[in-house]
Structures are given as C-alpha cells and as structure tokens.
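Each remark here refers to the structure printed beneath this line.
Below, each value reflects all heavy atoms present in this structure, side chains not excepted, and no hydrogens, waters or symmetry copies.
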Amino acid sequence: MNLRVSPTTLVGRDRELAALEDALQRGARTLVLKGPPGVGKSSLARAFADRARRHRDRPSRVIELSLSHTTERATAITALATALGLDVRTSDANVAFERVTRALDEAPHTIVIDDLDASPQVASVVEDLVAAVDSVCLLLCSGRWLTVGAELVIDVAPLSEPDAAQLLFSRVNRLSPSLSLSPDVCASIAARVDRLPLGIELLAAKVAAIGPAPVLDALEDGRLVLDGLERSIATAFEALPEDARRALVALSTFRSPFDVEAASALMGLLGEDGTGSITVLEQLVRASLLVADVRGEGSSFSMLDSIREFAGRRATDEHRAKHCAYFGRDAAPRGDDPAVWSALARDHDDLDAAWTWATSAVRSPSRARAILAANVALRLDVILVARGQFERHQHVIDTTAAMLSADASAGVDPALTIEFAIARGRAFALHGRLRESLAPYRDGLEAAMQHGDTARVALSRASLCFVLAPLGEFDEARTFGEAALVDAARLRSHRLSATAEQALGIVEYHRGDQDRAVEHFERALASAMAASAPRLVGIVQANYALAEAKRGNAREALRRNALARASFELAKDRFHLCRLSVLEAKYLAQLDELDRAEELLPPALDEAILLSDLSGELEARATLALLAQRRSDGADDGLYRARMAALEAAARFSDDRAWPRRIAELRAGERRTPSGTPTAITTAATLALTRDGRLLSINGAQFDLSKRGPLRKILVALVRARIDEGGRSLDASEVRAAGWPGEKMLPESAAARVYMAISRLRALGLEALLRTSDEGYSLDSRASVRWLEG
C-alpha cells in the first residue's frame, strides 16, 4: 500500500460519484445517499454539487441547503426559498411553494439537501417539488431511509482499508508534514473508528499533535471518545422512537452478527406474530444504525463498533444478563455437524463476553449464574480446542470448574462437573501435557461411575487409554480401552465405539504393532462414519495415516492425511489443520520429496508454536533435523546440529516416551569416526548477512529471507548489536520493535510473536549462535559474524 498526499481531495468515493453522475446524465430526478453517522454523506454530496456545477453537457444551477432539525412543511419551504435567494414575505405555505416552483422552472436546478429529516411533512415537500418541476434534480442526504420515490439509493459504506489509511495519512500530512506514518499504522488507527471519514478526520488532528502510539493506546483502552463522532451518532439515536432506542442499547451487547430470534430474545419485543421485533429492526436498519445482511437462508444483523460502543455505554447489567442467558440457555451441542461448529465459531466473541460477565461474580455466584457460566464455557471449549488457544482454554475451564464447586452452586447437575473434568484433561492432552491430563480424566471417570453416567464413563476410559499409551503404560491403557468398548456396545453408540477403537489403535501404534493398529483404525473409521461424525472421521484418518507411514506406506499416509484435512476444514479446526501440515511434510520426507517438505515445515512450525501444540512442534523439528541430515549426506553440518539442539530442547517439555527413542534414531544417522563416536565439530560457527537481511549464510549454508520480513529485520538488529554495539543484548520489546516497527499489538500477541520469531531463527540454524539471557537475546561472542556484500 503506497500512501500519497492529497490534503483536500475526497478519498475513496469514486464509485459513488460515478453512479451519481451517471444518474444525473440519464435525467434522474431523486437521488438518495444513505449511511450511518460519520460515513461522509455530506462530503460526498458537496463533491457531487461541485461536479454538477462544472457539468458540460447538462448545465445546472446548484443549490445546497441543510434541513437539520426541520420537521415542518412551512419551515422547509422557507429554507428552500432562502437558498434560492427569494424574498418570500408570506405566512401562506402554498403561496411560498408556488413562488419556489416558479423560480425553479426558470432553469434546470440541482438541489442538494443535507441533514434531511424523514418526517412526513418534509418528505411531502420533496415529493411535491419533483411532481411540480420537471427540470429539478434532488440529492438527499439522510441517515434514515427516505420513503420518497427515489430513482437511485446509494448505500454509503465505510471506506476500504487502503482508502481509510490514505485519508488519515493525507490529513495528518497536511497538519504535520514531518511526521512519518506507515500504511499499517494508518490502517490500524482508522480501523478503530470503523474507517468512518468523520472519525478519521477527528483523529488526524490528535495524531498530528501527539503521535500515533498514544492515540492507538487511548483508543485501545477506551479512554479516547471523539466528541464530533459521538454527537453525530447521538443525533441519529435521539431521532429514534423510544422502543428503537431501548432495542439498540440491548443489541449493543452482541459482538457478532445476530438473527431475528437472537435480537428478539434481547429486545423483549417479540409478540405472538413477531411483529414487534421486526418493526424495531426495520427502524434501526432504515436509520443506518444496524446493517442487514439479507440472504436466501435468512437475514443477519450487525452494527459498527463506534455505534456499538456508543449504545454499549448505556447498557446495564440487566442487558448483559439477558445476553448471557441467550448464549447459555442450554448445554453445548456435542454433535459433529459442521453447521454447529460454524455457528459456534461465529459466536466466539459473544460467548467470550457472556462467559466473562457470568464469571464476574465468581466470589459469590448463584446456582443459576454458575450453570449459565458452565453452559457458555462448554460451548467455548469446542471453539478453543479447534483454535489452539491453550492458556485461554485452561483459564475458562479452571475458573468455571471452581465456580461450580463453590458452596453457593450446590445442586448443579453432576453432568456439568464431569464434562469439565473431561474438558480439562483434553486441554492438557492436546497440548502435549500428558501426565497432567491423567488426574482430571480420572476425576471425570470417578464422578461418572458414581452417578451411573455410562456414556461419560466410556468417554473418560477411552480418553485415559489415549493418554496412557504414549506414556508407555500399555496394559492399563488397553484395560481402559477395552472397557470403553464394552460400554459403547451396551449403549449402542457408534461415536463411543469409534473413540474406543481408535484409542486401542493408538496403544498398538505406540507398542509397534502397526498391523493391529490398522485393524482398530478400520473399525473406528466405520463406526465414525456410521455416527455421521466428520470431525471424528478426520481424527481417525489422521491416526490411520500415522500407522500407514510406520508400515512404510507413505503415499497411503498422504492420502489419508488429505481425507483428514477435508474433515477438519469443514469445522475450520485450526489446531488439527496445523498438525496435519506437519505430518504431510513428514510423509513427504519419507518419500524423499525434500524440497516440498522443507517448504511446508517453517510456517507449520511457527503455527504449532503459536498454538502451543508441543506434539506438532516436536514432529516439525524432528522432520527439519532429518531433512538437514539427509542433505548433508552424513557430513558434519551446522544446520543439522542446530536443528537437533532445538529438537532436544523442546523434547525436554514432553512426557511422551517415544521421543527419546526417536531422537536416538536420528543420532544414529550421524556420520561416525572409525571408533564409533560422532564426528567432532571442526569448523567455527560463522554467520554472514547482507545489510538488508535478505541473504543469510550459516556455516556456508545459504538462505533467502526476502519473504520473511520480521525475521530478517530482527536478525539485522541482532547483527548490528553484535558488530556496532559491542554484542549488546536486545530485550523482548526491542526485538518486537525491530520485527514489527510501529505496529500496535496486545502484550500477549507481542510475546507470542517474539517467541515464535526467536524459535524460527533457531530452527533456521542459529541454535548454536543465538543466546538467551536475563538481559535478552544476543549472538554468541565466540562466533564469527560479518556483513555480506550485495
């Protein structure tokens, strides 16, 4: 995105202006600009008026006037006469109107009316003008949807991201030409006011005065309220009927698009025929305070953040309680329908807000509030698993479990507490913390057995079987798996049968009997398909692929991996899709397709680290080490040694007993001396880098970092600190500023990006060169570091 200086030109409205000019050329009589407060209708109308004055093919007198707060017919006619320069001294509105029409008949006129109130009396003036004068064209600006017979209604939407950034840049440049702003910073600031031109214009003065960072900080934490934009929204808000105002405040608790049913639940206006809610929604859409997305399968509604924040400041605890009650109205759907997953993903922000409200009284929760929190949390659990947000996942599960166990929550359905024990175990297990998952799974099993909940007994047993297998506890794992299979048969549950068979297959996979593992996976796959559970089918296919790869059938493993991907894509399961990318690279390496594997692994490793997927990270690092070993053809290689060091460091966090053996197998492939000991490192570690960071050399191995902007910027900063600043360490904030200069981000996001970048640099081969200390990150003083020419 290139930003240009255009201090006064209207930005981003070429399409709307072209449509208006085309309508004018065709002789249109009534044009309407419709849009939310602050979207720039007035600026667009002025630009249209300027062009109409200069129109060569259709010369026209252009009259501009505002009818703000005008609701009476006589007042509107007087304002129009004044704009025409008429001296109308009469109290008779009909006489005044006749003189206005006579003046308009003398020559073609284009009348631009700003801030038009859609009251019936004012609308009648507009309709009568069009009927009485053939040579008049009216452009009407209103936040409300006019009912006059418009020939063209243009929805004026917020600016696109590039246009919004361009507008902010040009306005700031006019006020402070020396201030440097990047396109990303401009886009971030503009996004905080919904890319509304009025908000951007107001922010430009603040950015020019105090700089972008303080403005972004103030916008982020809600300390900055733009009075001009606030007044514009308030005017539209106050013009609404009382029912519509109350409804907008209630609907401001939604964070995602909502349908009529959800809106009715919060507005409390649903009559027997639903007309109350429909009428109010129509009023809000006509006032441009709600955006309607009308599709064949049903309509959804949303509002701009600036309008939501305005109305949200008027929301009460009662409104938030209704919002939470809607999203916690029943237990989470546990089906495997992709539509269910899609709906939960869409509602993620609302579920998060509802859960936060429900747990805000965690010190003295009521039973009803605890149940609400639990129902919402179990819906969140489904999404947080798929998105790999481990820390948030643990916080939600642990906080809600504590709330359920409080004395005030006595009498809560035991099924909820069992579900939370299982969910807690699953969160630990998915992220490679296998031993930590055992206790919650055992707690869930004990509680399920105590309450005679056979389905959850089976699920807990199958889960324990899954976890105990990689820990090497094969006999206990098999006992749990076979018992779960018996439970599934008793319940005639295909889903539980698939889960138990798959768990038993995992036991055989880790024991090394891949033929028996495949037999279990075949039965699991048949049961999962019978249960119409596509996500479960995906998990079985992924594990089936692992066993096939172990049997030497890498192409079959790739085929099953692709089938698993199709299942996870239906649910937009980011966590498992990342794991599949890692495994795909592993199978490609097994087929000696090293280039394709090397291309897939770096982004997959980054994603695995970001998602706290320790198992996926280890698989990626092991495959990267294997690739380096094969390319070195047994010779001593710095890249291989660095990747092995990174693998061994990460494996220390895993309790999967397979990893020591797999690392030993990799080590067995190293070149050895006649005495049988690994070849000693004989070459000094060397690093060379072009000054722009695009070309990197590590121990003679060449890397192109042209498409890895943050990595090369961080590496350049580290090299400069080593060469020019005596080897000074860069702390985390300096690493973030080097990689993403000027970009505003949340502290958690900043920490994750720094961690991922440093990890990625080590994976490239800098493990032996990159040092971490209390002071931060630096390059080893013993290594040879120099700039490359070019």
Side-chain angles (χ1 to χ4, degrees), residues 9-10 12-35 39-68 70-86 88 93-94 96-157 286 288:
T9 305
L10 188 68
R13 297 302 186 198
D14 292 343
R15 181 188 65 83
E16 291 86 348
L17 279 172
L20 289 171
E21 288 188 354
D22 180 64
L24 189 65
Q25 183 71 26
R26 290 185 286 103
R29 306 287 308 286
T30 311
L31 313 174
V32 177
L33 296 178
K34 171 183 170 288
V39 80
K41 298 184 294 293
S42 299
S43 298
L44 178 56
R46 286 193 297 271
F48 171 73
D50 289 341
R51 294 196 180 193
R53 289 188 184 95
R54 300 192 301 270
H55 205 292
R56 295 179 180 178
D57 300 328
R58 192 179 186 276
S60 173
R61 281 192 64 194
V62 177
I63 305 298
E64 297 181 69
L65 72 153
S66 172
L67 294 181
S68 175
T70 303
T71 59
E72 299 298 327
R73 178 181 175 87
T75 308
I77 293 171
T78 300
L80 182 56
T82 302
L84 285 165
L86 302 177
V88 181
N94 290 331
F97 184 75
E98 190 273 335
R99 291 182 183 176
V100 166
T101 58
R102 193 186 312 152
L104 292 173
D105 265 332
E106 293 175 359
H109 282 76
T110 299
I111 303 177
V112 177
I113 305 179
D114 199 6
D115 293 326
L116 178 65
D117 191 291
S119 68
Q121 294 211 27
V122 174
S124 71
V125 175
V126 173
E127 291 172 335
D128 292 345
L129 275 176
V130 174
V133 185
D134 292 335
S135 60
V136 69
C137 171
L138 289 98
L139 174 62
L140 313 174
C141 299
S142 177
R144 294 210 257 175
W145 194 344
L146 300 174
T147 56
V148 297
E151 295 172 66
L152 177 67
V153 177
I154 292 184
D155 264 307
V156 185
R286 287 182 177 275
S288 299

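- With sequence neighbours excluded, no residue forms a side chain to side chain donor-acceptor pair (under 3.5 Å) with Thr78.
- Between Leu104 and Ile63 there is no side-chain heavy-atom pair separated by less than 4.5 Å.
- What you find for Val112 and Ala49 is that their closest heavy atoms are CG2-CB, 4.0 Å.
- Scanning for salt bridge (charged side-chain N to carboxylate O under 4.0 Å, His left out) contacts around Arg26 gives Asp22, with sequence neighbours left out.
- We find the CG-CD1 distance between Leu129 and Ile113 to be 7.0 Å, quoted to the nearest 0.5 Å.
- Considering all non-hydrogen atoms of both residues, Glu16 and Leu44 come closest at CB-CD2, 3.7 Å.
- When the salt bridge (charged side-chain N to carboxylate O under 4.0 Å, His left out) test is applied to Arg29, no partner is found at least two apart in sequence or on another chain.
- With values rounded to the nearest 0.5 angstrom, Ser43 atom OG is found 4.5 Å from Arg46 atom CZ.
- Judged by distance alone, with hydrogens and angles left aside, the side-chain atoms of Lys34 form no donor-acceptor pair with the main-chain N or O of Val153 at under 3.5 Å.
- Sorted by first and then second residue, the salt bridge (Lys or Arg N to Asp or Glu O under 4.0 Å) pairs involving residues 100-112 (not counting sequence neighbours) are Glu98-Arg102.
- Atom-to-atom distance recorded for Lys41:NZ and Leu139:CG is 11.5 Å, nearest 0.5 angstrom.
- Between Ser288 atom OG and Asp155 atom CG the span is 7.0 Å, to the nearest 0.5 Å.
- Annotation for Asp114 and Cys141: closest pair OD1-CB, 3.4 Å, computed over non-hydrogen atoms.
- Minimum interatomic distance between Arg13 and Val39 (heavy atoms only, all atoms of both residues): NH2-O, 2.9 Å.
- Legend: residues meeting side chain to side chain contact (heavy atoms under 4.5 Å, CB included) with Ala79, ordered by chain and number and at least two apart, are Leu65, Leu67.
- The side-chain tip of Arg73 points at the ring of Phe97 from less than 6.0 angstrom away and within 45° of straight on.
- Contact between Leu84 and Arg61 at its shortest, heavy atoms only, is O-NH2, 4.3 Å.
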- request: Apply side chain to side chain contact (heavy atoms under 4.5 Å, CB included) to Leu33 and Leu20, showing your working.
  value: CA-CA 10 Å; Leu33 296 178; Leu20 289 171; 4.1 Å; yes
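- Residues satisfying the side chain to side chain contact (heavy atoms under 4.5 Å, CB included) test with Ala81, not counting sequence neighbours, are Leu86, Val88, Val100.
- In terms of heavy atoms, Ile77 sits closest to Ala93 at CD1-O, 3.8 Å.
- At a threshold of 4.5 Å between non-hydrogen side-chain atoms, the residues Leu31 and Ile154 do not count as touching.
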